[in-house]
2 protein chains.
Amino acid sequence: MKTTPYHHGALKEGLLAAAETILQRDGLAALTLRAAAREAGVSHAAPAHHFGDLSGLLSELAAEGFRRFGAQLKSATQATDSRRWDGARAYLAFATENPALFQLMFRSDRLDPTNPSLQEARMQALGLLAGASETPVDHPTVEQLGKILGGWALIHGFTMLQLDGRLKGLLRIAPEGTTTDALLEAMLATADRNELAPAKVARDA
Amino acid sequence: MKTTPYHHGALKEGLLAAAETILQRDGLAALTLRAAAREAGVSHAAPAHHFGDLSGLLSELAAEGFRRFGAQLKSATQATDSRRWDGARAYLAFATENPALFQLMFRSDRLDPTNPSLQEARMQALGLLAGASETPVDHPTVEQLGKILGGWALIHGFTMLQLDGRLKGLLRIAPEGTTTDALLEAMLATADRNELAPAKVARDA
DNA sequence: CATCCTATCTTTACATCGTAAAGATATAGG
DNA sequence: CCTATATCTTTACGATGTAAAGATAGGATG
């Protein structure tokens, strides 16, 4: 009769799985050390042994997120029939499918900046973006960095505005039935036509 | 001898001022109802009477932030000698000068979405951006929205990446002495030259 | 095989937080 | 003057992160 063995065996993985369940089901705010322990069926102080503190658990989870993120970016852009901006589309798709996880990944205040696992996974995933220009370089010029940043900031900004609910206002005044994806395509088309509107405030506003 | 009058007189304003002090000094994580009460010199339960709950206080603070944000955007773009992208520069400048406040303003999970004060201030400030294209419209086409979104997402993404510390990695491989502002200018120049790099992952990454 | 060491997990404890409820106090209106 | 009401305090409760000490099991060592 093996009720609840004192030694879990793979508690660290179990806690990570439990944490991800909570993240998807109840959101980032509900993801606490004690909630993860409950979900995994262990005492509330068990996680501390494996992750040190809350930021440790969150950082491991974010690291896992960056690994999956990087993999999806890669497969989206390296497909034989991949189109221009497919990386950006994959960027938004990942955030839409994993909103709480994406928020966690880019919320530096809840993560441990010294966590090696997180640092490596993040460099791996975001390094892909840095290599997005035609000629990946170790010592890029400021112009090359501007180019990389342009594409990154454009899709990251769109994604954050979407996650924060800031696009709902635009969708309300948009033509009937306009979707978020349609807005994305319109934005990308605008970028390709070189018609990005600077944030210039109308005089009569 | 007027030690601590029972009735503060202007406690709501006092609490907002105290909250902003904490926000600037200790960051968003340290801004709690009890901390604001301590800073204002009242009992820990006093704020509840004026703001209902924590999201109420934070929403009022965010509303005030949006008012100032809108004012700075306006003055930056309506100056007689204003240049292209000056709105974007003001956008980043505000976030750099008020990092915690900016985070709060765009962190929908900590705000009360029904707060009228917040709703109005946000519409006022962000409506300016929606009127950024040459011809402000009530029923814009998807193409017009794409144009507006392009400029907004570009500077918002840059700003968020900067606040989350994500640009530090780029600055490390950038030419010696490159500043965040230099990166911004490089990105804007890239956008004007229509050379935004799509997030296309290098094959060898 | 017996023993001890150590990693793993539990229990207990404490400070802090948000929030609700009830009590105290001052202001305003009749 | 006197009372109704808004304002603020006190008290209380459950939840959280985290530290510290205790219990347990597994493995190494003799």
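Every heavy atom of this structure was used, including side-chain atoms; hydrogens, water molecules and symmetry mates were not. What you see is a predicted model, and the numbers here were worked out from it, not measured in a lab. Here is how names work: the chains are called A, B, and so on, in the same order as the sequence lines, proteins then strands, and each is numbered from 1.
- Residue B/Leu54 contributes atom CG, which lies 19 Å from atom P of D/dA15 at whole-angstrom precision.
- A sub-4.0 Å separation between OP1 or OP2 of D/dC8 and a side-chain N or O of B/His49 is absent.
- The CG-P distance, from A/Leu15 to C/dC9, rounds to 8 Å in whole Å.
- Listed pair A/His50 / C/dA7 fails the phosphate criterion, with no side-chain N or O lying under 4.0 Å from OP1 or OP2.
- With contacts defined as side-chain heavy-atom distances shorter than 4.5 Å, the pair B/Phe158/B/Leu167 qualifies.
- In this structure, B/His44 places its NE2 atom 10 Å from P of C/dG18, rounding to the nearest Å.
- Counting any heavy atom pair closer than 4.0 Å across all strands shown, B/Ala48 reaches no nucleic acid atom.
- With distances taken from any side-chain atom of A/Leu33 to the nucleotides C/dC17, D/dG17, D/dC8, the minimum falls on D/dG17.
- A salt bridge does not link B/Glu143 to B/Lys147: none of the charged nitrogens lies less than 4.0 Å from a carboxylate oxygen.
- Look at CZ on A/Phe51: it is 17 Å from P on C/dA7, rounded to the nearest Å.
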Practice item. Begin with the C-alpha distance, continue with both residues' side-chain angles, and end with the deciding distance and a verdict on side chain to side chain donor-acceptor pair (under 3.5 Å) for B/Asp181 and B/Thr179. Key: CA-CA 5 Å; B/Asp181 280 333; B/Thr179 65; 5.3 Å; no

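- Distances shown here put a side-chain N or O of A/Thr32 below 4.0 Å from the OP1 or OP2 atom of D/dT16.
- The CG-C1' distance, from A/Asp26 to D/dA15, rounds to 15 Å in whole Å.
- Between C/dC17 and B/Arg38, a contact under 4.0 Å exists linking OP1 or OP2 to a side-chain N or O.
- The distance from atom CD of A/Glu13 to atom P of C/dC9 is 10 Å, rounded to the nearest whole Å.
- Of the candidates D/dA19, D/dT9, D/dC8, the closest approach to any side-chain atom of B/Leu11 belongs to D/dC8.
- Note on A/Arg68 versus A/Glu97: no salt bridge recorded, every NZ/NE/NH1/NH2 to OD/OE distance being 4.0 Å or above.
- Heavy-atom nearest nucleotides on DNA chain C were determined for A/Arg34 and for B/Ala30, and the one closer to the 5' end corresponds to A/Arg34.
- Using cut-offs of 30° and 60° on the angle between ring planes, the pair B/Phe106 and B/Phe69 is perpendicular.
- Listed nucleotides: D/dG17, D/dA19, D/dT9. Nearest to the side chain of B/Ser43: D/dT9.
- Rounded to an integer number of Å, the gap from CG of A/Asp112 to P of D/dT18 is 11 Å.
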